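Report on the following structure.
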Amino acid sequence: MAAKKASESFSKTLIEEVRKWGCMKQTGVSLRYMMEFGSKPTDRNLLISGQFLHKELPIRIARRAIELETLPYGLSEKLAVLKVRDWYLDSFRDLRSFPEIKDTNDEKEFTQMIKAIKVRHNNVVPMMALGVQQLKKGMDPKIVYEDLDEIHQFLDRFYMSRIGIRMLIGQHVELHNPNPPPHCVGYIHTKMSPVEVAQNASEDARAICLREYGSAPDINIYGDPNFTFPYVPTHLHLMVFELVKNSLRAVQERFMDSDRVALPIRIIVAEGIEDVTIKVSDEGGGIPRSGLPKIFTYLYSTAKNPLDEYSDMGTADTVTMAGYGYGLPISRLYARYFGGDLQIISMEGYGTDAYLHLSRLGDSQEPLP
């Protein structure tokens, strides 16, 4: 089936408008600003927020739609990537055809529309992974995929931008919640306990390990459970879950056929002045040094893509992220989104330490690819 050019399914005027908006400057927002602004979700503030998104979202979405058209190695022509591009163009069209937001009623309607846009884009990550798989099937097996830097850089920019778009939409929608949980401003928890989030994420990861292997190593968490700072718990949960799951798998597979008892995984939460750092340590045998550059790539995983296994798009849930090897690179993007980082240090023959740095200050601007 021949690839459709965007111009065939979308009007020429729309494509021209995408190009125009894609050249406009994006406006970054900091965690602190989102928190302070959202702490008083009055009708006036929600109106201002709606008007900001009405102008900002089309710029961010147009940039990604343009990039999806010009990917190297024929990636733009893959059916899965064309589908993603169509989602972006549909969302751009929805946003641009929405009239100016003048009052609370307009803002409420706009909120429903961006909520629907967020749902439309739920499966972008697995769908792009499918596109990359389609590309790999047709490529020369002699090519070293880690060398395909352009595609890695594109996916980093693309997913980082997606985190930002989903954060802005989710934050705005959540500010409409008439009964927000205590200490919550939209997606942000002003008194989040990293130890508590780490406990929940560890239990979730351990449950998956038990399901897959029938047993799971213990996890010990060290840190002050009463220490809190403002952050987005869903982001932290996703990152810690990913790191712990990788450690559990490594330890489980190392000790599976051995008489020795699997050693526990240790999680240490440290509070600094600038950063809160969470270290996940395992004795799962480590990663060879030659393999370390690969762990943050999108192109080398041998795991199955959930969308290959399920014909129904709706069944691919976020937990299957492990399923196609995108967990680490995407976790690192989540860390960097609010000014943190993720580093992996390994000792082959012993184990691996992952250091998750979270910026405590909350005043770094969103990275805007």
Side-chain angles (χ1 to χ4, degrees), residues 1-6 60-61 63-91 120-166 238-239 242 245-246 287 291-334 336-337 342 344 367 369:
M1 181 174 163
K4 276 194 309 196
K5 270 261 153 301
R60 295 194 185 194
I61 286 171
R63 283 181 172 237
R64 303 286 74 87
I66 293 166
E67 241 192 327
L68 283 165
E69 291 267 274
T70 53
L71 300 178
Y73 308 107
L75 184 57
S76 292
E77 276 74 59
K78 299 295 170 222
L79 287 176
V81 178
L82 288 167
K83 195 175 182 87
V84 172
R85 185 210 61 197
D86 286 353
W87 291 339
Y88 274 75
L89 289 172
D90 282 337
S91 298
R120 174 188 288 147
H121 291 248
N122 275 353
N123 277 308
V124 161
V125 176
M127 194 50 100
M128 284 303 290
L130 192 60
V132 169
Q133 279 183 357
Q134 291 167 349
L135 176 73
K136 279 173 71 170
K137 275 180 194 152
M139 281 185 98
D140 185 337
K142 291 188 201 70
I143 294 176
V144 182
Y145 291 104
E146 289 71 58
D147 293 345
L148 300 180
D149 275 349
E150 283 169 271
I151 288 181
H152 288 295
Q153 287 163 11
F154 158 71
L155 289 169
D156 266 348
R157 286 194 303 274
F158 186 76
Y159 292 139
M160 180 66 94
S161 173
R162 179 174 185 271
I163 290 169
I165 290 167
R166 294 181 83 74
L238 178 147
M239 294 184 279
E242 190 55 42
K245 186 171 52 54
N246 288 347
I287 304 161
L292 270 175
K294 291 180 181 172
I295 62 175
F296 286 112
T297 65
Y298 297 98
L299 288 157
Y300 95 112
S301 176
T302 52
K304 277 181 90 97
N305 184 318
L307 297 190
D308 275 351
E309 299 168 49
Y310 306 112
S311 52
D312 173 20
M313 297 293 301
T315 54
D317 199 7
T318 43
V319 176
T320 55
M321 199 162 86
Y324 44 93
Y326 276 29
L328 278 177
I330 284 186
S331 294
R332 184 166 69 176
L333 295 178
Y334 272 99
R336 288 177 174 174
Y337 178 68
L342 171 61
I344 308 282

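All heavy atoms count here, side chains included; hydrogens, waters and symmetry mates do not. Everything quoted here is computed from the prediction, not taken from an experiment.
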Within the 4.5 Å heavy-atom criterion, are [X] and [Y] side-chain neighbours or not?
X: Lys78; Y: Leu75; result: yes
X: Ile66; Y: Glu69; result: no
X: Phe296; Y: His152; result: no
X: Tyr334; Y: Leu342; result: no
X: Pro329; Y: Thr297; result: no
X: Asp156; Y: Leu333; result: yes

Please name the pair of heavy atoms, one in [X] and one in [Y], separated by the smallest distance, quoted to 0.1 Å.
X: Val132; Y: Tyr298; answer: CG1-O, 4.4 Å
X: Ser161; Y: Arg60; answer: OG-O, 4.4 Å
X: Val125; Y: Arg162; answer: CG2-NH1, 3.4 Å
X: Leu82; Y: Ser76; answer: CD2-O, 3.5 Å
X: Arg166; Y: Asn122; answer: NH2-OD1, 2.6 Å

Partner set under side chain to side chain donor-acceptor pair (under 3.5 Å) for [X], not counting sequence neighbours:
X: Arg120; answer: Ser91, Asp94
X: Arg157; answer: Glu67
X: Arg63; answer: none

**OP:** Please name all residues satisfying salt bridge (charged side-chain N to carboxylate O under 4.0 Å, His left out) with Asp90, sequence neighbours left out, ordered by chain then number.
**Re:** Arg93
To the nearest 0.5 Å, how far apart are [atom1] in [X] and [atom2] in [Y]?
X: Leu71; Y: Leu135; atom1: CG; atom2: CG; answer: 9.5 Å
X: Leu238; Y: Ile163; atom1: CG; atom2: CD1; answer: 8.5 Å
X: Leu68; Y: Leu89; atom1: CG; atom2: CG; answer: 8.5 Å
X: Gln134; Y: Met128; atom1: CD; atom2: CE; answer: 10.5 Å
X: Ile165; Y: His121; atom1: CD1; atom2: NE2; answer: 7.5 Å
X: Ile344; Y: Asn246; atom1: CD1; atom2: CG; answer: 7.5 Å

**OP:** On the 0 to 90° scale, with breaks at 30° and 60°, tag the Tyr88-Phe158 ring pair as parallel, tilted or perpendicular.
**Re:** tilted
Original post:
side-chain contact (heavy atoms from CB on, under 4.5 Å) with Pro367: which residues, sequence neighbours excluded?
Top reply: Met160, Tyr337
